[in-house]
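Naming: A, B, ... by sequence-line order, numbering from 1 per chain.
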There are 2 protein chains.
Amino acid sequence: MIDIRQMRYFVALAETLHFGRAAERLRMSQPPLSRQIASLEAELGVRLLERHSRQASLTFAGQRFLEDCRTTIAAFDQACENARMADRGELGELSIGFMMSSAYTVLPALARRFTAKHPRVALRLRELLPPDLEEAVKSGRFDAGIMFDVGGVGGLEARVIHREALCLAAPSDHPLALKVEIAPEDLGGVPLIIAPAETTPSLREAITGFCRRGGFEPTARLEAQLQQTIVSLVSEGLGVAVTPSSMRKLGVANVVYRDLVDAPQIEHVVAWRPANLNPALRLFLAEAGAG
Amino acid sequence: MIDIRQMRYFVALAETLHFGRAAERLRMSQPPLSRQIASLEAELGVRLLERHSRQASLTFAGQRFLEDCRTTIAAFDQACENARMADRGELGELSIGFMMSSAYTVLPALARRFTAKHPRVALRLRELLPPDLEEAVKSGRFDAGIMFDVGGVGGLEARVIHREALCLAAPSDHPLALKVEIAPEDLGGVPLIIAPAETTPSLREAITGFCRRGGFEPTARLEAQLQQTIVSLVSEGLGVAVTPSSMRKLGVANVVYRDLVDAPQIEHVVAWRPANLNPALRLFLAEAGAG
DNA sequence: CGATCATGATGCCGATAAGGTATGGATGCG
DNA sequence: CGCATCCATACCTTATCGGCATCATGATCG
């Protein structure tokens, strides 16, 4: 049966048109090369070279075969190389789900670093609501997810890759806007716009913890899942919210942000299934500082 | 060394995910397949399959390698098939030079038939003036030329593939336009527009032969190389011409065509170098009826 | 014009690799 | 716990490959 080795022999021969020198280049002696070429021609049923006494020349079929051999060999070598790259995680796809909040913090720089370092990994980024995200990573639809800490929930491994302080977002004409820094007790009795506990439990917990330092439980005036939505509702004067500092970047009109006294921090984590075998995931985790 | 056979083995295995059944499909027993795959993995340095007790599964690298193997194998098989086709002349290029006159007669149908029958031969058609054409075929710049008979000139083989009668082309207000049929003696003393003898010797010979039957030598009023140019000069009233009947198709205004008594015929031949090894040439000659 | 050289083909041998059969080891199932 | 399934391993036989020596052929040169 014809194989790729015979193609390599033929290419060397076609490039030198000389059995002896081709054999030398192939680090073999001339007789086996002659035989391999003869067997190649026999199996193809096609004469590839005209042997003249001075030097050989390619037939028309041989010229065509030479071109095709070059592309075939290139495809072959590329296939092997690609397998090795894919094994190292440097070639392939990596799908990352993330919550909107991460798009304002860790994600942009991380994605930029990763694609710069591993240009042949197609990074598929998709934003999801936090609860869907956790489910999607667990089910394997995403290789990893970037979200607020999920509290070590079942099946997923997670590492903190970013921390940010919470702050107060208030309408600019709100009384709290007059203060430079907000203490827990300042929020006593002030209804908050807040994300539901199911959506972002760790954020809820951080807010609750802050309020408790003021001796009260937070009361929700409105609930919305996305922090952007919450800030937007604040800008409409519907209430105040405790939200990650990165929301300041939004630049929504009529909203002022105020630091909290001993501000609680919220953690962004990258979470993945330990059973996930995508080699690119390891590289991504390393890049995220979650090795 | 990795070879194409191992790729075929791997594809069969990847498609069944079962060593036993893959081996069966490959008409071999299971142990050598196991070993070939193991050796493939070892040489790549990449694990391609996860072996579970129930059934195997592809790793990420294996999935990638599967795709690449398929394209590589396809390229490989195509290369072999192309060599065979090129050898039969059914794949490749064929360059044909032709004189303008043939574009009105043999060439269109011949080119149509040939490309229909051998769609993968790229037919390069190019018109040339007859003297250039002969030279171009001799030098190998064209695989074949279609021209008026060159009288068995050195080095080229030629076969007649078309014959056509000559006719008289005259301005519509010329006295000869009144006659239904032109006898040789009718042209006595009438100056002709004619192609130079170097350009188309056989045409010149035919015209001379016709005139001699009337007992005189033709006199040239004007010379032009292309028959179309000659007919065009006729239409401008600059004289009459003896020209191939196919020129009637030109539809030039103010020109009438008249049959000649016992009209001499001019032969279109296909000419080629006997040493030309382009296999497609044989198919072309066969199609031209010049086998 | 014959000797010589260059080049590819052929004969033969040892090493390597491939495939076959028999069997072992691990895992899941009744 | 025994059995069935499935892949890996051991061992043997055969095929293939590459090396060395040599031959056949055609060009080159004295």
Side-chain angles (χ1 to χ4, degrees), chain A residues 1-59 61-63 65-66 69 73 76 80 275 277, chain B residues 1-59 61-63 65-66 69 73 76 80 275 277:
Chain A
M1 194 54 61
I2 305 172
D3 72 343
I4 207 87
R5 178 175 39 86
Q6 290 172 305
M7 283 191 173
R8 293 189 202 275
Y9 290 178
F10 174 69
V11 170
L13 178 56
E15 285 174 356
T16 59
L17 294 174
H18 188 292
F19 282 73
R21 275 187 284 278
E24 192 179 347
R25 205 168 93 179
L26 293 165
R27 296 162 196 282
M28 66 192 292
S29 60
Q30 168 265 319
L33 176 60
S34 280
R35 261 174 315 199
Q36 288 297 329
I37 297 297
S39 121
L40 176 61
E41 289 181 319
E43 286 180 294
L44 284 173
V46 171
R47 191 147 195 83
L48 298 171
L49 298 112
E50 301 291 340
R51 281 82 158 170
H52 312 108
S53 43
R54 202 79 203 110
Q55 75 167 1
S57 66
L58 290 177
T59 62
Q63 290 171 28
F65 193 58
L66 173 60
C69 281
I73 291 168
F76 182 92
C80 297
L277 293 173
Chain B
M1 193 55 63
I2 305 172
D3 73 342
I4 207 87
R5 179 174 40 87
Q6 290 172 306
M7 283 192 173
R8 293 188 202 276
Y9 290 178
F10 173 68
V11 170
L13 178 56
E15 285 174 356
T16 59
L17 293 174
H18 189 291
F19 282 73
R21 275 187 283 281
E24 192 179 345
R25 204 168 94 178
L26 293 164
R27 296 162 196 282
M28 66 192 292
S29 61
Q30 169 265 318
L33 175 61
S34 280
R35 262 173 313 179
Q36 287 299 325
I37 297 298
S39 123
L40 175 62
E41 290 181 320
E43 286 181 294
L44 283 173
V46 172
R47 191 148 197 81
L48 298 171
L49 298 111
E50 301 292 341
R51 281 83 157 168
H52 312 110
S53 44
R54 203 81 202 110
Q55 74 166 4
S57 65
L58 290 177
T59 62
Q63 290 170 29
F65 193 58
L66 173 59
C69 281
I73 291 169
F76 182 92
C80 296
L277 293 173

Practice task
Consider the side chain of B/Pro31, meaning its heavy atoms from C-beta on, and name the nucleotide among C/dT27, D/dA10, D/dC17 that approaches it most closely.
Solution key: D/dA10
Exercise for the section: Name the residue closer to the 5' end of DNA chain C, choosing between A/Ser53 and B/Asp3 according to the nucleotide with the nearest heavy atom. Expected result: A/Ser53
Problem - Any A/Arg51 side-chain nitrogen or oxygen under 4.0 Å from OP1 or OP2 of C/dA9 - result: yes
Exercise for the section: Could you tell me whether the phosphate oxygens of C/dG19, OP1 or OP2, come under 4.0 Å of any side-chain nitrogen or oxygen in B/Tyr9? Expected result: yes
Fill in the blank from the handout: Here the distance between atom P of C/dG25 and atom CZ of B/Phe19, to the nearest Å, is 19 Å
Practice task
Classify the nucleic acid contact of A/His18 as base, sugar-phosphate or nothing, counting any heavy atom under 4.0 Å across all strands shown.
Solution key: sugar-phosphate
Problem - Any donor-acceptor N/O pair under 3.5 Å between C/dG20 base and B/Arg35 side chain - result: yes
Exercise for the section: Take B/Met7 and B/Ile4 through the test side chain to side chain contact (heavy atoms under 4.5 Å, CB included) and record every step on the way to the result. Expected result: CA-CA 5 Å; B/Met7 283 192 173; B/Ile4 207 87; 4.3 Å; yes
Handout entry: Interatomic distance, B/Met1 CE vs D/dT16 C1' [rounded to whole Å]
Key = 16 Å
Exercise for the section: Taking the side chain as every heavy atom from C-beta outward, state whether A/Tyr9 and A/Met28 have any atom pair closer than 4.5 Å. Expected result: yes
Handout entry: Separation of atom CG in B/Leu33 from atom C1' in C/dT21, rounded to whole Å
Key = 16 Å
Problem - Whole-Å gap separating P (D/dG19) and CG (A/Leu26) - result: 10 Å
Fill in the blank from the handout: Value for CD (A/Glu24) from NE2 (A/His18), rounded to nearest 0.5 Å, stands at 9.5 Å
Problem - Euclidean distance, atom CE of residue A/Met28 to atom P of C/dT16 [Å, nearest integer] - result: 16 Å
Handout entry: Interatomic distance where CG belongs to B/Leu17 and C1' belongs to D/dT5 [whole Å]
Key = 16 Å
Exercise for the section: Find the distance between CZ (B/Phe19) and CG (B/Leu49) and round it off to the nearest 0.5 Å. Expected result: 5.5 Å
Exercise for the section: Measure the distance from CD on A/Gln30 to C1' on D/dA24 and round it to the nearest whole Å. Expected result: 13 Å
Exercise for the section: Determine: side-chain N/O of B/Ser34 to OP1/OP2 of D/dA8, distance under 4.0 Å, yes or no. Expected result: yes
Exercise for the section: Just call it for A/Gln55: base, sugar-phosphate, or nothing, with non-hydrogen atoms closer than 4.0 Å on any strand. Expected result: nothing
Problem - Length of the CZ-C1' vector between A/Arg5 and D/dT16, whole Å - result: 9 Å
Completion exercise
Closest non-hydrogen contact found for B/Gln6 with B/Met1 is OE1-O, 3.7 Å
